[in-house]
Trainee: 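If you scroll down you'll find the structure; I have some questions about it.
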Amino acid sequence: MSLISTPTPPRAPALSTMWMQLRHSNLHEFVTAAGTVGFRQVELSHVVTGEMLAGFSPVPGLVRTLHHPCPNDDSVPELSSPDEAERARAVLAALRTLEWATRLEAEAVVLHLGVVASLDRRWENGLRSRWLAGLGGTPACATLAQTIRQMRAAQVEPFLTAAHRSLAELVPHAERLALRLGLENGEWVTSIPSLDELDHILADFPAPTVGAWLDTGHATILERLGGTPLTSWAERIGPRLLGLHYHDVARLRDHLIPGLGSIDFAALAPTSPCDPPHLRS
């Protein structure tokens with residue numbers, strides 16, 4: 001589920017196409033199904049292909065946001081890639097998402113800025129395996145988590161610099177198209193940005209074009225692995241919070257309908273100025 005923060009009265013949440021996976025093969029079926037369970041707006045995510053968009057003619061106001069890359073027809077590089085050719089391809093894919101957002105009369109585009117790709121994912125997979133085995137509170141697990149974050153800190157600079165450059169190229173186009181860009185927190189320790197990095201990025205790019213997009217599931221997973229608490233994300237980025245991806249987490253499994261996991265949404269509510277969120281299930 002997804003939400004955009006506005007000073008107007010709260011609106012109903014929008015349902016993400018993440019929910020259509022293994023349920024529907026085209027957008028018309030998805031929109032119809034979403035309507036039957038009470039959703040009047042949707043978010044088109046990176047599971048949507050160009051073929052799905054062909055012939056899709058939504059009624060005005062139906063599509064609230066797009067989650068880049070959308071459409072997603074190929075392997076898209078990260079906006080944080082230090083390889084200039086790859087980064088340029090990533091920016092082009094994001095620009096395509098912005099153009100589609102305008103065509104579909106969406107209000108915002110949610111961006112993943114990328115990852116610290118040089119840090120082998122097996123380190124974090126090992127941390128998750130230990131947590132799932134019930135070792136999350138042990139000194140050995142805490143040491144491993146700290147080691148991974150230290151390695152990330154030592155390797156992040158070229159990836160963060162590339163992500164910043166990509167965003168700088170996208171912002172003028174978003175301004176021209178009257179779109180807002182929501183920078184989403186990722187579910188991996190390697191994800192860019194961390195909360196501190198997000199603070200610096202938001203200081204460099206103006207509101208209202210650029211803001212934060214808080215994913216409750218992603219933040220909760222990293223909190224359980226020894227990272228920043230979910231409520232701290234909401235408290236620090238509150239004034240720049242454009243929207244939420246609102247889904248629950250059971251252990252380390254996210255994209256659950258709120259109530260099927262163990263996130264304390266009541267504790268989150270006072271820290272968030274947003275309307276009802278976008279559901280992502």
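Just so it is clear, the structure is predicted and the values come from calculations on it, not from any experiment.
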Trainee: For Glu84, is the CD atom crowded, meaning more than 12 foreign heavy atoms sit under 6.0 Å from it?
Mentor: yes
Trainee: According to side chain to side chain donor-acceptor pair (under 3.5 Å), who are the partners of Asp196, at least two apart in sequence or on a separate chain?
Mentor: Arg236
Trainee: I need the full list of salt bridge (Lys or Arg N to Asp or Glu O under 4.0 Å) pairs touching residues 70-81, with sequence neighbours left out, sorted by first then second residue.
Mentor: Asp73-Arg96
Trainee: Judged by atom type as modelled, is there a donor-acceptor pair below 3.5 Å linking the side chain of Ser166 to the main-chain atoms of Leu79?
Mentor: yes
Trainee: Tell me, yes or no, whether the heavy-atom count around Glu235 atom CD, taken from other residues, nucleotides or ligands under 6.0 Å, exceeds 12.
Mentor: yes
Trainee: Can you classify the ring geometry of His112 versus His218 as parallel (below 30°), tilted (30 to 60°) or perpendicular (above 60°)?
Mentor: tilted
Trainee: Go through the structure and list residues passing side-chain contact (heavy atoms from CB on, under 4.5 Å) with Arg103, not counting sequence neighbours.
Mentor: Trp100
Trainee: Tell me which one of Val63, Leu15, Val110 satisfies side-chain contact (heavy atoms from CB on, under 4.5 Å) with Glu43.
Mentor: Val110
Trainee: Could you check whether any side-chain heavy atom of Leu242 comes within less than 4.5 Å of a side-chain heavy atom of Leu181, counting everything from C-beta outward?
Mentor: no
Trainee: Taking Ser45's backbone N and O only, do any of them form a donor-acceptor pair with His67's side chain (distance below 3.5 Å, no angle check)?
Mentor: no
Trainee: Taking Arg130 for the side chain and Gly126 for the main chain, is one N or O donor matched with an acceptor at less than 3.5 Å?
Mentor: yes
Trainee: Kindly give the heavy-atom pair with the smallest separation between Phe159 and Ala117, and that separation in Å.
Mentor: CE2-N, 3.6 Å
Trainee: For residues 111-124, pull every pair meeting salt bridge (Lys or Arg N to Asp or Glu O under 4.0 Å), keeping only residues two or more places apart or in separate chains.
Mentor: Asp120-Arg122, Glu124-Arg128
Trainee: Of all the heavy-atom pairs spanning Asp248 and Gly261, show the shortest one and how long it is.
Mentor: OD2-N, 2.9 Å
Trainee: Can you check whether Trp188 reaches Val116 side chain to side chain, under 4.5 Å on heavy atoms?
Mentor: no
Trainee: I'd like to know if the side chain of Thr17 and the backbone of Met20 have a donor-acceptor N/O pair within less than 3.5 Å.
Mentor: no
Trainee: Enumerate the side chain to side chain donor-acceptor pair (under 3.5 Å) contacts for residues 140-150, please, sequence neighbours excluded, ordered by first and then second residue.
Mentor: none
Trainee: Pairs of donor and acceptor atoms involving the side chains of residues 27-40, under 3.5 Å and at least two apart or interchain, shall be tabulated with distances.
Mentor:
from	atom 1	to	atom 2	distance (Å)
Glu29	OE2	Asn26	ND2	3.4
Thr32	OG1	His28	O	3.0
Thr36	OG1	Ala33	O	2.6
Arg40	NH1	Gly35	O	3.0

Trainee: Holding to side-chain contact (heavy atoms from CB on, under 4.5 Å), I want the full list of residues that pass it with Ser262, two or more places apart in sequence or in another chain.
Mentor: Arg224
Trainee: Closest heavy-atom contact between Ala90 and Pro77?
Mentor: CB-O, 3.3 Å
Trainee: Let me check something: any side-chain donor-acceptor pairs from residues 205-212 under 3.5 Å, sequence neighbours excluded? List them with distances.
Mentor:
none

Trainee: Ala93: what forms a side-chain contact (heavy atoms from CB on, under 4.5 Å) with it, not counting sequence neighbours?
Mentor: Val76
Trainee: Measure across Tyr246 and Pro258 and return the closest heavy-atom pair with its distance rounded to 0.1 Å.
Mentor: CE2-CG, 3.4 Å
Trainee: Considering residues at least two apart in sequence or located in another chain, which fulfil the side chain to side chain donor-acceptor pair (under 3.5 Å) criterion with Ser194?
Mentor: Glu197
Trainee: Of all residues at least two apart in sequence or in a different chain, which pass the ring-ring contact (aromatic ring centres under 6.0 Å, His included) check with His200?
Mentor: none
Trainee: Residues two or more places apart in sequence or in another chain: which of them pass side-chain contact (heavy atoms from CB on, under 4.5 Å) with Glu169?
Mentor: Arg87, Val91, Arg165
